Structures are given as structure tokens and as C-alpha cells.
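Working notes, structure below.
Predicted model only: the values in this text are computed from it and were never measured. Keep in mind that the numbers below use all heavy atoms, side chains included, and drop hydrogens, waters and symmetry copies.
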Amino acid sequence: MIQFSKKTFIGLLACAGMLTACSDSNDDATDLGNLTPTTNNFGKATGNFTAEEWYPGGELGTTEKASYSAITPAAEDAGMDADFNTGEDFFEHLYTFDVEPRKGLGPAWVRNSCIACHPSYGHGKRQTEYRANQIGNGYLLVIYHPDTNGYITEVTGMPQTQAMAPFKAPIDESQISIEWKTVSQMESGLAMTFPDGETYSLIYPEVRIPQTAFNTDPKPSNYDVRLESTIGVYGTGLLDAIDDEDIEKQWAAEAPYVELNPAMWDKAAGTFKASAYYSAPYNDTGTHRGSHGPLKRFTYAMTRGSLQDGAGANAIWNITNVTRSDRHWLYTTTAWAKAQSEDPEVIAYIKQHGASTSSILHPYYADGTDEGIKNRVYEVLNTPSVAYKETFEKYLLNDAYYGGQEEMSDKQYYQFMVWHRGLAVPAARNLDDATVQRGKTLFTELGCARCHRPSWTTGADNMWVDASTKAYAATIGKSASQMLPRYPNQTIWPYTDMVQHRLFMINDIRTGWCRTTPLWGRGLSRQLTGADDRLHDCRARTVIEAIMWHGYSKQSDAYTSTEKFYNLKKADRDAVVKFIESI
């Protein structure tokens, strides 16, 4: 049995009606206390589960709390509690234009907080309308050209629907419509009724953004829109600790049997393409894979490399538009800069309110003339397309209003990453239940485990370290690679093969390729977040719906497994669901 230097299990007890009373400084408001074992078998081998499977994050990465926000034993044992709690604050609270320590937002932004997208640190919730300020709206708009699958360039890759006065948001969200449609017939021919008579239904979103919603010049054309919802942020440090070589072996093992994403995988060479790696050196010595950095493994599209350049590390900049030393520019586009610089209402407002050095609009004021303001607005908002570092320092960073300071210091970013890499995975539940054990057997027999690979063993966790953390480490005389929580040689149970597959669903994800989502901890979603929506756009309201979407098309990599599930008797289907909700 794995030994934890942690508190004993005390159960939910009176916490059920007093959620906040059960929280400590490391837990979100919906933490329901410690997990309760069904018998004294917790932590012991039972049925077809090993003792280790109770601890999906391994000894260093599992929490006993029924929480997505708890600190890992590794971070706690390393004495990182204070930095973890400070980093948590950056995630949980709103950003403003000018209040320390959470400055950001302007001139345009996607969300005003991280937790708005990740309710209780979990998966986003299904929405019927797009409103950026709706807590739980984890949706990101994916606007792309359907003929190339490339993002449109008129707005940012994470499209913004909020802006500070007098600027107009790149997209007017009041014109965005989300219509949920019902599947009347599966393309694969599977009926919407199981053979034993139980029915299920499937829905999917159709999203429309009219051209009039874009406050850009030019406005985009020939585009389509999809939704991608956030996933849980817990346990990502453990996925970061898996060796690149081990993930490559998994892709190579699957290559003979399924088509792999040609943008990532060189089929002829039997290895990853250079584009599958982050381009910066891997660690302090830069010795890993020559000039290559870590393997891209985060986001549905696997676009981000190490967690230190992963979805969260990047999002603290491009979602809230918070500048820092290694993100030394605004997140904007040329088309938006042009539209705002030529808008008479924008120019008039800056002319009236931007003269004072204490005004947030002062960097745009220039000489106070219409032409001067027009040129300055264009130059400042267009920083990604010009010599942004020089422009940023000249007109923003050194402006009296900003006081020469980036909005997030290197130390603050380091604390944010201690929190991000220090988030634990909740322990498994009900593994001594005969139904759950039956579900595990069926999960394997159906072939689900081929993609939702149960376990991995992490490597030495010699992580790649970003420039901002290195800069802070230098100021305190420490090695940057030893300053963040580490998870070497841990057996973990995320239930993902870290490979991209295609399900060929109607209104599918952009490109069709999607990383297998980890299943660990998802069974606590309804308890912790109030919703159990699944898949990339929250189209699945239940586990059953998520499974059946895998069989919408016979082209799906998971069709055969779904067909087998479809033909199970109800008790066995329920067993598979209970297993998935327990791991």
C-alpha cells in the first residue's frame, strides 16, 4: 500500500450542506471535503484493481480531497505552499485595468479571470449563448477557413469579445448565436435506441457569427465557427512529466492500425515531425533533442509544448491580456488596429479623456490631434505586426500611467506556475465495488483502453523552463529547473494515450483531430462544478452520450468499440459508466 504523509480520511460528514466550511486555503468553494472509502479497502488491492490505482496521480500527485484545486504532496513536501496559494489567487480572482497584483485586460480580452472558463478548476459548462462574463462559459470561439482549416487572421486565435472604452471589441458577442440541434439519425446506422429498448439522444451546437459582428478592417470572409470548451487543469503537471520518448513510442505503436495526424507524425519515418516539438531548448543546458524543445502535448490540437509554455501559461497572457517579460506585447491583430484607429468615435473619446498622464488612454493620445491619435492607436494596437518590443516600451511600458512595470512580474508568473504544476489529481473512488470492477473489465474488452490508455510512468521530469522563470531564478540564485513541483518515476492513471484521433462527428472539431482527453477525476465533475458536460464542445451531457458520439460515423477510430458498447445489456452499460465515473 502506498503510504501518504497526509491527514486520515474523515468523510463528508456535515460538509454536504456547508461547502465553504470544508475548504482550506488550497481548495475551491465547492470542495466537499475528503473522499470517503466505501469500505476499509481504500488504498488496498481489490478485485481487478491494484493498490496503486486508488492514487491516479501517483504518490506525489494524488490528493485525498474531493477537489480539483488541492496541492500535490510533491509541492507540499517541497515547502511550496505559500507560492502555490499566491499562484492560486491569480487563477481565481478577477483582473482589472490598474489594481495590483492582477492588472491586465486592456485593450481587449477574452475573459476577466481564469476560473471563469474553468469552473471549480474543471471542464467548462454547456452554454446556450456566448457571454464572456458568464461564469462557467469555458467556450473559446474557433473561427477558421474551412478550405484550409487555418485560423482567420482578422481576430486573434483566441477571439476577443471584450474591450475597454472607447475601443470596440473585435467581435460583438451580442451577435453570436448558438443553436443546439438534435441528431435524428446516426450516420453509422446505430439506432437511437439500445437493443433492450432504452433510448438516448445526441445534440450538437451550430454557431453563427455574422460578418457585421466583426469590428475589424477588413472583415473576414469564407469562415466557419466551432466551439472548444476548456478542460480541467488539475494533474497537468503529471502529464508534463511523461517523457517525450514514451509518448513517441505510443504513437509508433498505434501507427500501423490507425491514421495519425500528418501535421504531427511522419508516417514514412515512423517518428514525430519537427513541428511536433516546441522550438526552444528543452532545459537549462539545451541538450534535449538538439535544438528542439519538449513535445507538444496540451490542448485538443496539441499545439503547446511543456506546461511552462502550455495552455495555462500562455492563457494567462492571451486570455486576460496580461503582459510579462516573455510576453512583451499586446494580444491584438492588424485588422483590429486599423479599424479602431480609423473610428471617429474612438479618436474623439481619446482626445477628450487621454491628455492626462494618469489616464489609461494616455499612451494613445500622442499630440492630441486627430491624425496623431489615429497613427498612435494603430501603432500601439498593431504591436504583434511591427517591432513590438520597441513600440511596447516606448508607448506603453514607459508611459507614466504604466510606471515602467510589466503587468505580471517574473516572480508572480513563477508563483502562478507553482500553482499550475502543483495541482493534484483526486483519488479514485469505489474501486472495491463489484459493478465498478465489472466496468473495468468491459472497458478493456470493448477496446476503450486502446485510446484511453490507463497508465503511464513518468520519467526523470527534467522539465523545460521558460525564460520568465529563469529570469526570476537568477535573481534569487537558484536553478530554475528545481524551482517547480516535480514528479519523477510516478505510475499515473490518466486514461489517455496522448494521441490525436478522429471521431468524424457532425460539426466536428476544427481539423477533426483531437487529443484523447484524460478521464481521471471526471466522475467528480457534477459534484464539484454542477455539470457533467463532456467532449470538446460540451455536446455530451452524460457519459452515455459521450460514448455514443464515438460511434456517430463508421469512419470513427472508436466505432467498433462503440458498436460493442451499444450491444451490451443495460447492466453492463451501467457498469462501464460507473467505472468511468470512479477512476
**Request:** Work out which heavy atom in T63 is nearest to a heavy atom in S67; give both atom names and the distance.
**Result:** CG2-O, 4.1 Å

**Message:** I'd like to know whether T529 forms a side chain to side chain contact (heavy atoms under 4.5 Å, CB included) with Y68, so could you lay out the CA-CA distance, the side-chain angles of the two residues, the decisive distance to 0.1 Å, and finally the verdict.
**Reply:** CA-CA 10 Å; T529 74; Y68 291 150; 4.1 Å; yes

**Prompt:** Closest heavy-atom contact between H123 and D533?
**Reply:** ND1-O, 3.5 Å

**Spacing of CG belonging to L94 relative to CZ belonging to R111, to within rounding of 0.5 Å** = 13.0 Å

**Prompt:** Taking NZ, NE, NH1 and NH2 as the nitrogens, is one of them in R573 or E198 under 4.0 Å from a carboxylate oxygen of the other?
**Reply:** yes

**Any side-chain donor near an acceptor of the partner, Y300 and R510, under 3.5 Å** = no

**Message:** Please report the interatomic distance CG(D433) to CZ(F579), rounded to the nearest 0.5 Å.
**Reply:** 12.5 Å

**Asked** Which heavy atom in G551 sits nearest to a heavy atom in Y559, and how many Å separate them?
**Response** O-CD1, 3.8 Å

**Item:** With sequence neighbours excluded, residues passing side chain to side chain donor-acceptor pair (under 3.5 Å) with K440
**Value:** E53

**Prompt:** Can any side-chain N or O of E129 pair as donor or acceptor with the backbone N or O of S177 at less than 3.5 Å?
**Reply:** no

**Request:** Apply side-chain hydrogen bond (donor to acceptor under 3.5 Å, both in side chains) to the pair Q250 and R453, showing each step before the final yes or no.
**Result:** CA-CA 10 Å; Q250 180 67 28; R453 170 179 166 173; 2.8 Å; yes

**Asked** Any side-chain heavy atom of Q160 sitting closer than 4.5 Å to one from Q162?
**Response** no

**Prompt:** Are any non-hydrogen side-chain atoms of I247 and I242 less than 4.5 angstrom apart?
**Reply:** yes

**Message:** Is it the case that the side chains of T491 and E52 hold a donor-acceptor pair, with the cut-off being a distance below 3.5 Å and no angle test?
**Reply:** no

**Item:** Validation row: V225, I176 side chains within 4.5 angstrom (heavy atoms)
**Value:** no

**Request:** Could you walk me through whether K44 and D432 pass salt bridge (charged side-chain N to carboxylate O under 4.0 Å, His left out), step by step?
**Result:** CA-CA 9 Å; K44 300 177 182 177; D432 54 354; over 6 Å; no

**Prompt:** Is a side-chain N or O of D244 found less than 3.5 angstrom from the main chain of L295, in a donor-acceptor match?
**Reply:** yes

**Message:** With a sphere of 6.0 Å drawn around CZ of R450, does it hold more than 12 non-hydrogen atoms of other residues, nucleotides or ligands?
**Reply:** no

**Asked** What's the shortest heavy-atom distance between A255 and W265, and which atoms?
**Response** CB-NE1, 3.9 Å

**Message:** Contact between F298 and R515 at the side-chain level, heavy atoms closer than 4.5 Å - yes or no?
**Reply:** yes

**Prompt:** With no hydrogens and no angle check, is any side-chain donor or acceptor of T516 less than 3.5 Å from a backbone partner on V499?
**Reply:** yes

**Prompt:** Between the side chains of E254 and H501, does any donor sit under 3.5 Å from an acceptor?
**Reply:** yes

**Asked** Ring centres of W251 and F272 under 6.0 Å apart?
**Response** yes

**Asked** At what distance, to the nearest 0.5 angstrom, does CD of E92 lie from NE2 of H118?
**Response** 12.5 Å

**Message:** Checking the side chain of R304 only, and the main-chain atoms of R297 only, is there a donor and an acceptor separated by less than 3.5 Å?
**Reply:** no

**Message:** Given 3.5 Å as the limit, does a donor-acceptor pair link the side chain of W520 with the main chain of A427, or not?
**Reply:** no

**Request:** Grab the two heavy atoms, one from Y55 and one from G43, that are nearest each other, plus how far apart they are.
**Result:** OH-CA, 3.5 Å

**Request:** Please determine which of T72, D461, D240 meets the side-chain hydrogen bond (donor to acceptor under 3.5 Å, both in side chains) test together with Y487.
**Result:** T72

**Asked** T230 side chain to C117 main-chain N or O, any donor-acceptor pair under 3.5 Å?
**Response** yes

**Request:** Verify the distance criterion only: is there a donor paired with an acceptor across the side chains of T441 and N48 at less than 3.5 Å?
**Result:** yes

**Message:** I'd like to know if the side chain of Q490 reaches the main chain of G61, judged simply by a donor and an acceptor atom lying under 3.5 Å from each other, with no hydrogens or angles considered.
**Reply:** no

**Asked** L239 versus P494: any side-chain heavy-atom pair under 4.5 Å?
**Response** yes

**Request:** Hey, could you give me the OG1/CZ distance between T511 and R502, rounded to the nearest 0.5 Å?
**Result:** 9.0 Å

**Backbone of R534 reached by a side-chain donor or acceptor of R539 within 3.5 Å** = no

**Exceeds 12 heavy-atom contacts within 6.0 angstrom, atom CD of E179** = yes

**Item:** W180 vs Y204, ring-ring contact (aromatic ring centres under 6.0 Å, His included): CA-CA, chis, key distance, verdict
**Value:** CA-CA 6 Å; W180 286 93; Y204 63 94; 8.2 Å; no

**Message:** Between D574 and K570, does any NZ, NE, NH1 or NH2 come within less than 4.0 Å of an OD or OE carboxylate oxygen?
**Reply:** yes

**Asked** In Å, rounded to the nearest 0.5 Å, how long is the span from CE of M192 to OG1 of T182?
**Response** 8.5 Å

I'd like a table of donor-acceptor pairs (distance under 3.5 Å, sequence neighbours excluded) in which one partner is a side-chain atom from residues 134-141, with atom names and distances.
unit_1	atom_1	unit_2	atom_2	d
N137	OD1	Y139	N	3.0
N137	ND2	R131	O	2.9
Y139	OH	D537	O	2.7

**Prompt:** Just by modelled atom types, is the P205 backbone N or O under 3.5 Å from a matching donor or acceptor in the N507 side chain?
**Reply:** yes

**Request:** Measure the spacing between OG1 of T86 and CE of M80 and express it to the nearest 0.5 Å.
**Result:** 13.5 Å

**Request:** For side chain to side chain contact (heavy atoms under 4.5 Å, CB included), just list the numbers for I203 and K181, CA-CA rounded to whole Å, side-chain angles, deciding distance to a tenth of an Å, and then say yes or no.
**Result:** CA-CA 5 Å; I203 60 173; K181 296 195 168 186; over 6 Å; no

**Prompt:** In chain order, what residues pass the ring pair (Phe, Tyr, Trp, His ring centres under 6.0 Å) check against W109, with sequence neighbours excluded?
**Reply:** F97

**Prompt:** Between S455 (side chain) and W493 (backbone), is there a donor-acceptor pair under 3.5 Å?
**Reply:** no

**Prompt:** Are any non-hydrogen side-chain atoms of N149 and Y144 less than 4.5 angstrom apart?
**Reply:** yes

**Prompt:** Is there a side-chain contact between E563 and H550 (heavy atoms, below 4.5 Å)?
**Reply:** no

**Asked** A558 and L503: which non-hydrogen atoms are nearest, and at how many Å?
**Response** CB-CD2, 4.2 Å

**Item:** No-hydrogen, no-angle side-chain donor-acceptor test under 3.5 Å, S201 and R541
**Value:** yes

**Request:** Please check if any side-chain donor atom of E88 sits under 3.5 Å from a side-chain acceptor atom of Y121, or the reverse.
**Result:** yes

**Prompt:** Any side-chain heavy atom of F91 sitting closer than 4.5 Å to one from L423?
**Reply:** no

**Passing option when C448 is tested against F565, F443, Y495 for side-chain contact (heavy atoms from CB on, under 4.5 Å)** = F443

**Request:** Please step through side chain to side chain contact (heavy atoms under 4.5 Å, CB included) for the pair Y413 and V322, ending with a clear verdict.
**Result:** CA-CA 10 Å; Y413 173 69; V322 176; over 6 Å; no

**Request:** Dump the intermediate steps for ring-ring contact (aromatic ring centres under 6.0 Å, His included) on Y200 and F194, then the final yes or no.
**Result:** CA-CA 8 Å; Y200 65 95; F194 292 110; 5.0 Å; yes

